[in-house]
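Below is one structure; the comments refer to it alone.
Values below: all heavy atoms of this structure, side chains included; hydrogens, waters and symmetry mates excluded.
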Amino acid sequence: MDAYTAIVTKRDTRTYLADGVPEELLEKVLRAARMAGSAKNSQVTRIVVASEQAVRDGLATCGDFTSWIGSAPLVLVFVIPVEGGRLFDVGRMAQNAMVAANALGLATCPVTFHHQDRMRAAIGLPDTHEGPMGVTLGFPAPAPEANPLRAPRVALGDLVYRERWSG
């Protein structure tokens, strides 16, 4: 699958097969994440790979909309220093991981962790770090015939303005 196809066919997935992710596929996803750029080449983002059910269940309590993530075989938690971490860098790394996973036949979904006190307890983070975002990872369960929640993308003509705002 080429990069463009991997990007435009990627969909957020919240239901997974119970099968684990083979280590060689996980390593490719992690290597792709590693290659994301960072502001001033600081490279301060780290990834905690949560595979144990108890850890994934703990992570499911860390966000306002994360109750389902314990059913994913893996959760990648993107960790940054409280001082000097950049959310944009986290997003770049997470997007690399999700696009690479899609190209490898894996499914993903990004999640926000709103409750950092719970996050620190779930994965043993010190107060100097936070885990603002995660990505679930696994093989997708069969999709339903129709997904009433899936909305079409905004038309390019409604999305893009040239030179000046004209909305």
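Annotation: the span from Met98 atom CE to Met93 atom CE amounts to 12.5 Å, rounded to 0.5 Å. Here the straight-line distance linking atom CD1 of Ile69 with atom OH of Tyr16 works out to 9.5 Å at 0.5 Å rounding. The CG atom of Leu104 sits 10.0 Å away from the CD atom of Glu24 when rounded to the nearest 0.5 Å. To the nearest 0.5 angstrom, Arg34 atom CZ is 13.5 Å from Thr45 atom OG1. Rounding to the nearest 0.5 Å places CD1 of Ile123 at 12.5 Å from CD of Glu52. Of the inter-residue distances, the one linking Leu26 atom CG with Leu74 atom CG reads 6.0 Å to the nearest 0.5 angstrom.
Taking both residues in full, the closest heavy atoms of Asn96 and Ala33 are given as CB-CA, 4.0 Å, listed atom of the first, atom of the second, then distance.
Arg31 is linked by a salt bridge (Lys or Arg N to Asp or Glu O under 4.0 Å) to Glu27, counting only residues two or more places apart in sequence or in another chain. With sequence neighbours excluded, the residues that form a salt bridge (Lys or Arg N to Asp or Glu O under 4.0 Å) with Lys10 are Asp12. Pro126 is linked by a side chain to side chain contact (heavy atoms under 4.5 Å, CB included) to Thr128, His129, counting only residues two or more places apart in sequence or in another chain. Residues satisfying the side chain to side chain contact (heavy atoms under 4.5 Å, CB included) test with Asp64, not counting sequence neighbours, are His114, His115. Listed by chain and number, the residues in a ring-ring contact (aromatic ring centres under 6.0 Å, His included) with Tyr4 amount to none (sequence neighbours excluded).
Around the CZ atom of Phe65, the shell of radius 6.0 Å holds no more than 12 heavy atoms that belong to other residues, nucleotides or ligands.
Phe113 and Met133 are not part of a single hydrophobic cluster, where members link through side-chain heavy atoms under 4.5 Å apart. Put simply, Val79 and Val82 are part of two different groups of oily side chains (I, L, V, M, F, W, Y) that touch within less than 4.5 Å, one to the next. Placement of Val55 and Val111 within a single hydrophobic cluster is found when ILVMFWY residues are connected by side-chain heavy-atom separations under 4.5 Å, directly or transitively.
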Inset, instruction - Check step by step if side-chain hydrogen bond (donor to acceptor under 3.5 Å, both in side chains) holds for Gln95 and Arg92. - result: CA-CA 5 Å; Gln95 188 71 11; Arg92 292 174 73 184; over 6 Å; no
Under 3.5 Å, which donor-acceptor pairs do the side chains of residues 37-44 form with other protein atoms, sequence neighbours left out?
residue: Ser38; atom: OG; partner: Ser42; partner atom: N; Å: 3.1
residue: Ser38; atom: OG; partner: Gln43; partner atom: N; Å: 2.9
residue: Asn41; atom: OD1; partner: Gln43; partner atom: NE2; Å: 2.9
residue: Ser42; atom: OG; partner: Ala39; partner atom: O; Å: 3.1

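Within the 3.5 Å criterion, the main-chain N or O of Val75 finds no donor-acceptor partner in the side chain of Arg56.
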